[in-house]
Amino acid sequence: MASWGEASESRLIGKRVTRLSGKDKVTGKAKYTFDINEPGMLYGRILRSEVAHATVMGVDMSDAEALPGVKAVIPLIEVGKKLRYQGQEIAAVAAETDDIAKDAIRLIRVDLEELPHAVTEEDAMADGAPEIRDWPSNQSEPNIREDGDLEAGFAEAAVEVEATYHTPVQTHVCLETHGHVAKWEDEQNLTVWASTQGVFGVRNDFAQRFELPANQVRVITEHMGGGFGSKFGPGVEGHTAAELSRITGKAVKLMLTRKAEHLVAGNRPSMTQHVRAGATRDGRLIAYDMKGYGTGGISSGAGFTGPYVYHVPNSRAERVNVATNAGNQRAMRAPGHPQGAFGMDSLMDELAEKLGMNPLEFRRINDPNEVRQAQYTLGAQEIGWHRRNRVPGSGTDVKKRGMGLGSGQWGGGGGRGTEARVTINADGTVEAVTGTQDIGTGVRTVIAIIVAEEFGLAPTDIRVTVGDSAPGLPSGGSGGSQTTPSVAPVIKTAAAAAKQKLFERIAPLLEAPIEDLRVGTGTIYVVSDRTKTITWKQAAGQLGMESISEGGTWDEDLRQGGAAGAQFAEVEIDTQTGAIRVIKIVAVQDCGLAINRLTTESQINGGVIMGLGQALLEERFMDAVTGRMLNANLEDYKVPGTLEIPEIKSIVFDTHRKVTGVGEPPCIPTPGAIANAVYNAIGVRIRSLPITPDKILDALAEKKA
Amino acid sequence: MPDKEKKQGTNISRRNFLKGVGTGTVAATVAPSVLISNEKTADAQMGDAVASATIQLNINEKSYQVEVEARTTLLTVLRDGMDTGGNNIDLTGAKLICDRGECGGCTVMVDGKSVYACMMLAIDAQGKQITTVEGLADGDDLHPVQEAFIQHDALMCGFCTPGFVVSSAALLNENAKPTLEEIKVGLSGNTCRCGTYPFIFDAVKTASQKM
């Protein structure tokens, strides 16, 4: 059975290794799609709808076409068709400079016949609501899940809580907007630089779209500036870039504007859930009845979890997706989980309070997951749980502190479908190639660590190629926290196979059986006679004119799904201004075997910070009257900045020596932990995210009255 | 809202308006007319705006002759500009992220102070020393801030990193030994979405000890 070996034997795996791409990224040398400058390259821009619902009566592109410097103008919607959300594509231009493209977009005249719209869930669900799409209803059939006997459960309950929890639509805010540089090498060969989480998926999409053989489309993503689940396909903008390039015969760069990024490049759907739940006197969660809905925009899809992580024997959950005239949802970091976790962890605290029980104790009784049980102990110790307010809201100071906790659970076990190649050249150099992409999680460095560990070299000795379809070694998209658990086993087995081949070549030279050979640090030696040793370079030199190049296989024994997490938050509320300051967050995250502890910590920090944004800052504001998003920029749509960052203690909680992906789970428990800490501080519960100062002041005023 | 026929236009942004102001003559009229629609009048005003001139810029201790329009930002010159010899300047380290002076992704140093290159017109950068992230290192010797960013993993996707590196270096120019609070305030004009902040704070602290 393949294994990663014992921790005590690992020289690199599980240690803190700095990123291979670090130097390029800190010097500005790293080239993102946005940075590609091809000779003669044109700049593409898209004219988008400013209204939420309308019929296109006419598009006049003649003035745009006549503008000097404009090379192509194409319609993206037919006259007579409907625009169904702000931001939907109408036409596109390619011009010699970005400024000219911007001017040309302004010269396109569009005649629209506006239709009634509904951009909020409530408007779309109201009687007589406008028809969002040609569907029988704006609401989906309810998705219902039942377990046990709800009535019997409530009969057994000693306490009950009934509450409504809400989380708004959140947008991904990728700092590098979605975009491509497309370039036809000739009529049959297309090269695309894409800011994507899935190089091979994008390649196959372009091949299909332009009826090309897949091996005549090359997609390159050397570096990319954030995706968080929103960058899996070329989208309209990718197809448009390629079409403009085809028409003009020039490379075309087309990146979304910041505004378009908010409007059309995906979002986390909203959630509103009304829940009634009961617990027994001895603290068992016994009944859970939830009805909820959310909007994922024009496609409606808005799944969320509930009940979540805790055991409840009798439950019913009913969910409805609501279509609205707004840009479509896309997967966003742990889709469905942070919303559901916020609702569930808020509910757990409300039940615990009714029982007069410590919320931590209540979770201990109801959480069947052993890993999280251990995390509760560690996290409580780290935050100093004993210091929390016994009576929420007690204390007479203007600034009040409180503590709360939240939980999460994710998969991240990886899957088949990655091909990789590890090559040892006769001069001792080593190459590792696979078609995955480094979206900022550091998989490039993970690959180098694994190969370097196997060969007794340094990670910087390994030349790693990812983010390019040209070598013809496919790998899946980077989603579901699947990248490392999908790629690492294949790299490991490829490197092991290459090492075996090298050992076969040098065993005669060392006059030892192959199974007695071991790698040292830059050496290969005989374990039974350590005087017999040669350097790595000497060993490779035996290859003469040849190279060793081996593929790998995905070995299930090298990875494992299932990542539990628990977080504890401490906050301080200014009861006069409503200002909320997060003091500290302890994030205990199950990571399986963290190949690179340093970058794993980075990911936990990042998840916590995104969760903090969801808890306190982020909300897409739609204006019901005009149908427009009011905060489609980075000034009014708030993401966490330096001043919001608390002390974060990210604990890499190793539970086994198999690889588990961890990109998504650390963002799940944060909103619930912060919301519960706010309650513990002021004794008033905010059931709607983001928890902003105005909500705090309103709640405090209500309590006083 | 009653159904109605409507001609749609794209709004002029606040910065485009400011750029219009930079041209001197069209400020009073450009905003209202373009806001309402794409009427023909907009063309004439754009015609005014696109008058160009050749200027000289000092970037990373190198002199560049570039042809710019009045509205051309310093960031556009760095990333997409061409010198009069036809060579791309190609300093793409500074990024355009928010396009309105909110995120710091385009931060460069102008005479040693951090500036949003998306908010500065190229013509206003004449006669000043411009340092981009590409000009921070001394050959192969990285700036202490750059070294510390690598050491602490103060980056993930890396797209905001050039802006943070330059802002951090500018901060240390002004305050050699900042406290954690001073680091947070000093870098509050920069945004990261991956959530690298804690390690950025560590990196700036380390760099300050080495400088």
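Note that the structure is predicted; figures quoted are calculated from it, not measured. In what follows, chains carry the letters A, B, and so on, assigned in the order in which the sequence lines appear, proteins first and then strands, with residues in each chain numbered from 1.
Side-chain contact check for A:Leu634 versus B:Ile97: some heavy-atom pair is nearer than 4.5 Å. The closest side-chain heavy-atom distance from A:Thr97 to B:Asp80 is not below 4.5 Å. Taking 4.5 Å as the limit, some side-chain heavy atom of B:Asp90 sits within range of a side-chain heavy atom of A:Lys31. Considering only heavy atoms from C-beta on, A:Val26 comes within 4.5 Å of B:Leu155 through its side chain. Between A:Lys23 and B:Gln146 the shortest side-chain heavy-atom distance does not fall below 4.5 Å. Contact of the A:Asn37 side chain with the B:Thr92 side chain is registered, since non-hydrogen atoms from C-beta on lie closer than 4.5 Å.
Geometrically, B:Arg79 engages A:Phe34 in a cation-pi contact, judged by NZ or CZ lying under 6.0 Å from the ring centre and within 45° of the ring axis.
One finds the SG atom of B:Cys157 at 11.0 Å from the NE2 atom of A:His223 (value rounded to the nearest 0.5 Å). Distance check: A:Glu647 CD to B:Leu180 CG gives 9.5 Å after rounding to the nearest 0.5 Å. Separation of atoms NE2 (B:His152) and CD (A:Glu601) is listed at 12.0 Å; rounding is to 0.5 Å. The CG atom of A:Leu598 sits 4.0 Å away from the CG atom of B:Asp153 when rounded to the nearest 0.5 Å. The NZ atom of A:Lys25 lies 10.0 Å from the SG atom of B:Cys160; values are rounded to the nearest 0.5 Å. Here the CG atom belonging to A:Asp98 is positioned 7.5 Å from the OG1 atom belonging to B:Thr76, to the nearest 0.5 angstrom.
Looking at A:Ile648, only its side chain comes within 4.5 Å of chain B, counting heavy atoms on both sides. If you measure heavy-atom distances from B:Cys103 to chain A, the contacts under 4.5 Å come from the side chain alone. If you measure heavy-atom distances from B:His143 to chain A, you find no contacts under 4.5 Å at all. Heavy atoms closer than 4.5 Å to chain A are found in both the backbone and the side chain of B:Val185.
In terms of non-hydrogen atom pairs under 4.5 Å with chain A, the most contact-rich of B:Leu142, B:Asn190, B:Leu136, B:Asn88 is B:Leu142. Note: A:Gly641 leads A:Gly58, A:Ser650, A:Ala54, A:Gly641 in heavy-atom pairs under 4.5 Å with chain B. Ranked by heavy-atom pairs shorter than 4.5 Å toward chain B, the options A:Glu644, A:His172, A:Glu261 are led by A:His172. Of all the listed residues (A:Val608, A:Thr441, A:Thr599, A:Ile100), the one sharing the greatest number of non-hydrogen pairs under 4.5 Å with chain B is A:Thr599.
Residues B:Thr191 and A:Leu175 approach most closely at O-CD1, 3.5 Å, considering heavy atoms. For the residue pair A:Ile609 and B:Gly195, the shortest heavy atom distance occurs at CD1-O, 3.4 Å. Across B:Ser188 and A:Thr642, no two heavy atoms sit closer than the pair CA-OG1, 3.1 Å. Closest heavy-atom contact between A:Gly225 and B:Phe159: CA-CB, 3.8 Å.
Within a 6.0 Å radius of NZ in A:Lys15, more than 12 heavy atoms belonging to other residues, nucleotides or ligands are found. Few gaps surround NZ on B:Lys184; more than 12 heavy atoms of other groups in view lie less than 6.0 Å from it.
The residues A:Asp35 and B:Lys95 are annotated as salt-bridged, a charged nitrogen and a carboxylate oxygen being separated by less than 4.0 angstrom. B:Arg100 and A:Glu635 are joined by a salt bridge, as a carboxylate oxygen and a charged side-chain nitrogen come within less than 4.0 angstrom of each other. Using a 4.0 Å cut-off between a side-chain N of Lys or Arg and a carboxylate O of Asp or Glu, A:Asp103 and B:Arg71 qualify as a salt bridge. Salt bridge annotation for B:Arg193-A:Glu618: present, with a cationic side-chain nitrogen under 4.0 angstrom from a carboxylate oxygen.
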**Asked** Under the side chain to side chain donor-acceptor pair (under 3.5 Å) criterion, do A:Asn605 and B:Tyr197 qualify, and how do the steps go?
**Response** CA-CA 8 Å; A:Asn605 288 344; B:Tyr197 299 112; over 6 Å; no
